[in-house]
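Okay, so here's the structure we're looking at.
We number each residue from 1, following the sequence as shown. Owing to the predicted nature of the structure, the values given are computational and were not obtained by experimental measurement. Every number for a ligand or one of its atoms is a count from 1 in the order of the listing.
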Amino acid sequence: MALFQTMGNIANDPQEKKQIKGDAEKTKVLIIGSGPAGYTAAIYAARANLSPILYQGLEPGGQLTTTTEVENFPGYPQGVTGPVMMEDLKAQAERFGAESRWGIISEVDLSNRPFKAIVDGTKLIEAESIIIATGATAKYLGLSSEEKFKGSGVSACATCDGFFYKGKNVAVVGGGDTAAEEATYLAGLCNKVYLIVRKNYLRASKAMIEKVERTKNIEILYEHTTKEIIGSKVVGGAILDNNGKDVTIEIDGFFVAIGHTPQSQLFTKWIDTDNEGYIKTLSGTSKTNVDGVFACGDVMDSTYKQAITAAGSGCKAALDAEKFISSQE
Ligand code: NDP
């Protein structure tokens, strides 16, 4: 009830009262998040005459805006850059009357309908239904050189960017299933893949470990951590630490696969999540445990994490929301 109390305070405390400007705006569908899931939900909800309002959040366009070329999204035979694809999706949603706005939903109250959401701490929205499409954020190591080469050799998605390293040498960091899967995927494209593992064992499932070990062009570097990624304009190598010794590898691509953080923190007071924070949905649907609240995209998908699967689930969320709203009318 944090928000409810906060809102109570806002209403009662003359100083805090100033924070909320004007009356609550009302909408049938509030979409939170602006990746492929959010915009697809907006396209469908707008075409169903629901006039959805979408808030773009901290990273307008979502994770795809940090990738260069997207070549695996159906309908773009020549590929498309992540930012252009997101602009296309936004324009398509707006064409049908969706309103895409800058702003961050800073609080929600899902205890009763209409649901309440506060934008940037200053504006109150009341929504008949909410579609959560807040995505997930790839974890990075936190090196400044990693930041410098993001989009120029550093990536957190082998399926998105691996193709650009065909025939080249690359490294993958991580010891879980994602790292194992990305390393084997890249091994099919690249000359050589270094798998950089900080412990002396892989945490991945047995089957994945066997697959990695069977793949001839993967070299597992146990007990190695990354000190720096090096290069001039693009990645040219990495300096690793192996129990106090420096080891330099020559690589063109550096893939970080140390996990993702689903952006569900705002909702966990009301919405059920799994141990890792992914929103739980009723099998085959986008329905959460709260009637009228739906989830789509990477915030509820710990497995596929692709733009096209996110878009597909955004479509489901809009169809589920449409059904929900007509059942209430
Ligand atoms: P995990 O949390 O399972 O693994 C993260 C890995 O990254 C660990 O090996 C961890 O090391 C390492 N790591 C974390 N931080 C750092 C760091 N700063 N420096 C170096 N290494 C670091 O994440 P995954 O994304 O691999 O998997 C998430 C979940 O999704 C898991 O449950 C997994 O089983 C599942 N999954 C399933 C797949 C499938 O079934 N096909 C495919 C992909 C994922 P350490 O071991 O030392 O902690």
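- If you look at ligand 1, the protein residues with a non-hydrogen atom under 4.0 Å away are Leu141, Val173, Gly174, Gly175, Gly176, Asp177, Thr178, Glu181, Arg198, Lys199, Arg203, Ile258, Gly259, Glu276.
- For the residue pair Ser100 and Gln56, a side-chain donor N or O sits within less than 3.5 Å of a side-chain acceptor on the partner.
- More than 12 heavy atoms of other residues, nucleotides or ligands sit less than 6.0 Å from atom CG of Asn243.
- With rounding to the nearest 0.5 angstrom, the CD atom of Glu126 is 11.0 Å from the CG atom of Asn112.
- Residues meeting the side-chain contact (heavy atoms from CB on, under 4.5 Å) test with Ala158, sequence neighbours left out: Glu182, Tyr185, Leu186, Phe255.
- In Glu250, the CD atom is not crowded: 12 or fewer heavy atoms of neighbouring residues, nucleotides or ligands sit closer than 6.0 Å.
- Here the shortest heavy-atom pairing between Tyr55 and Lys123 reads OH-CE, 3.7 Å.
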